Number of protein chains: 2
Amino acid sequence: MSQVKPARKDREPSKRPQDPDGTRQDILETASREFALNGLSGARIDEIAARTKSSKRMIYYYFGDKEGLYLRALENAYRTVREGEDDLDTDGLPPVEALRRLVEFTFDHHHEHEDFIRMVMIENIHHGEYLERSDVISGLNVTAIDHIASIYRRGVEEGVFRPGLDPLELHWQVSALCFFNVSNRATFSKIFGRDIGTTDHQRRLRDNAVEMILKFVSAG
Amino acid sequence: MSQVKPARKDREPSKRPQDPDGTRQDILETASREFALNGLSGARIDEIAARTKSSKRMIYYYFGDKEGLYLRALENAYRTVREGEDDLDTDGLPPVEALRRLVEFTFDHHHEHEDFIRMVMIENIHHGEYLERSDVISGLNVTAIDHIASIYRRGVEEGVFRPGLDPLELHWQVSALCFFNVSNRATFSKIFGRDIGTTDHQRRLRDNAVEMILKFVSAG
DNA sequence: GTTGACAAACTAACCAGTTCGTACATTATG
DNA sequence: CATAATGTACGAACTGGTTAGTTTGTCAAC
């Protein structure tokens, strides 16, 4: 039940007493941080409101209820990250280099967007029921598979990748290696007494991930 | 709400009116399920108490407070899973087969212990602060690295594995592929519209995981 | 260009249900 | 009897959500 606002000519961030778009955005960003940090049940509406330039009443005015706010925060996280993925360009590169770039980029991208990773973890704890409720997110992700699929296809055509692999499974493998690196850093580091978050360690893990994927798809 | 109370005058000789160990265990198992399902903040003490054969009073009697109960549930999850890992025996096998077995076993073991995976996810959301507070868990895990380390060492000695790899990083890679498979099943399946939880799909993903690891460590 | 009516944006105080935790009494056990 | 184990009832604080009302913007009619 989103409120439809009259289109506003974009002006610089308004400091006018009433600023619907700004207020809405401010709430969404604050809520995103709080949900990523504490989860759906752990986050507190009062706390979100306090950190906002606005008030609790405005949260309910714009987002209906807590779950509505969470859903928008989830969509916001997916959208932000997917938009960032557009920065990856592998068009000129030969397949092997393109795939290497894609894995490196994915690794770094996940690394830089910990809040997104946390939102996905939280959503998985909830069995993905809010993601299912969103008609925004699914549209964002179908294209994510296209990139790796086209690289793989080129590689097979040029004879450097072996045929018969499923691009979705490739994407799964890349995701697993890059996601786990962020999602399980706390427990992994604490259990084995070695901080894997250092730049040195991260570079090694990234190189390993690239090598694993390349050796897996390689035709040789 | 009709309270169904256990019959006080039961003649079962096995069930003594007071059963400290049984009560404690019953509470712990119930709490483990609830925390794995709903997280620390999402779980409700009253709900846990209701599902118990005992009462809320007993929870506080034995576990102090909610966080204490959560910590014990976390330790319980780690202990249960680590004990199950003892079932893996690769002593007679040549290194390649041993490593294959280890990956397959880890994959299946994670698959079968979803509640453990969920507890680890939840604990990571909490930045591992409860795990850090536990002096039980760290002791359980150091040995987990030994198995893969010894297989790897044998492989290097026999010339079938390439030298220079870090067993902890190997363990990291195996964990990533096996953990992600369970932790992100909900969002992954829903986003790409394909249920990767089917036995058919799981077997493919498992085979891929094995192949990736083997190709990565192979000397060839 | 002032006015006034209406809608959008916003505020403060409050409410009702929930939730963790406890006080106190009672029963079993050794 | 002394102590451990357990049942009952309750309360203080928290928390999601609402009620009732105020301020600000828009725009047509003077």
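So you know, we letter chains A, B, ... as the sequences are listed, proteins then strands, and number each from 1. Since the model is a prediction, treat every value here as computed from it, not as a measurement. Below, all heavy atoms of this structure are taken into account, side chains as well, without hydrogens, waters or symmetry copies.
In terms of phosphate contacts, B:T23 brings a side-chain nitrogen or oxygen within less than 4.0 Å of OP1 or OP2 of D:dT6. Using a 4.0 Å cut-off, some side-chain N or O of B:S55 falls inside it from OP1 or OP2 of D:dG7. Phosphate contact (OP1/OP2 of D:dT6, side-chain N/O of B:Y62, threshold under 4.0 Å): present. B:R44 has a side-chain polar atom (N or O) that falls below the 4.0 Å cut-off from OP1 or OP2 of C:dC20.
The interatomic distance linking A:Y60 (OH) with C:dA9 (C1') rounds to 18 Å, in whole Å. D:dT15 atom P lies 14 Å from atom CG of A:L40, rounded to whole Å. Whole-Å rounding puts the B:D46 CG to D:dA9 P distance at 15 Å. One can place CE of B:M58 at 12 Å from P of D:dT8, the figure rounded to the nearest angstrom. If you measure from atom OH of B:Y61 to atom P of C:dA25, you get 18 Å, rounded to the nearest angstrom. At whole-Å resolution of the value, NZ in B:K53 and P in D:dA5 are 18 Å apart. Taking atom NZ of A:K66 as the reference point, atom P of D:dG17 lies 8 Å away to the nearest angstrom. The distance between atom CZ of A:F63 and atom C1' of C:dA9, rounded to the nearest whole Å, is 14 Å.
Residue contacts for A:A43: at a heavy-atom cut-off of 4.0 Å it reaches the sugar-phosphate backbone alone, with no base atom in range.
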Show your working on side chain to side chain donor-acceptor pair (under 3.5 Å) between A:S183 and B:N124 and close with a plain yes or no. CA-CA 7 Å; A:S183 68; B:N124 271 294; over 6 Å; no

Apply the test side chain to side chain donor-acceptor pair (under 3.5 Å) to residues B:H110 and B:S175: give CA-CA distance (whole Å), side-chain angles for both, the deciding distance (0.1 Å), then the verdict. CA-CA 9 Å; B:H110 278 53; B:S175 294; 5.3 Å; no

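None of A:Y70, A:F35, A:Y78 except one satisfies the ring pair (Phe, Tyr, Trp, His ring centres under 6.0 Å) rule with A:Y130; the exception is A:Y70.
Toward the 5' end of DNA chain D, the nearer of the two residues A:G64 and B:R57, judged by each one's closest nucleotide, is B:R57.
Side-chain atoms of A:K56 come within donor-acceptor range of the base of D:dG17, with a qualifying N/O pair under 3.5 Å.
Atom CE of B:M212 sits about 11.5 Å away from atom CG of B:L205, to the nearest 0.5 Å.
Seen from the ring of B:F63, B:R24 counts as a face-on cation partner, given the 6.0 Å and 45° thresholds.
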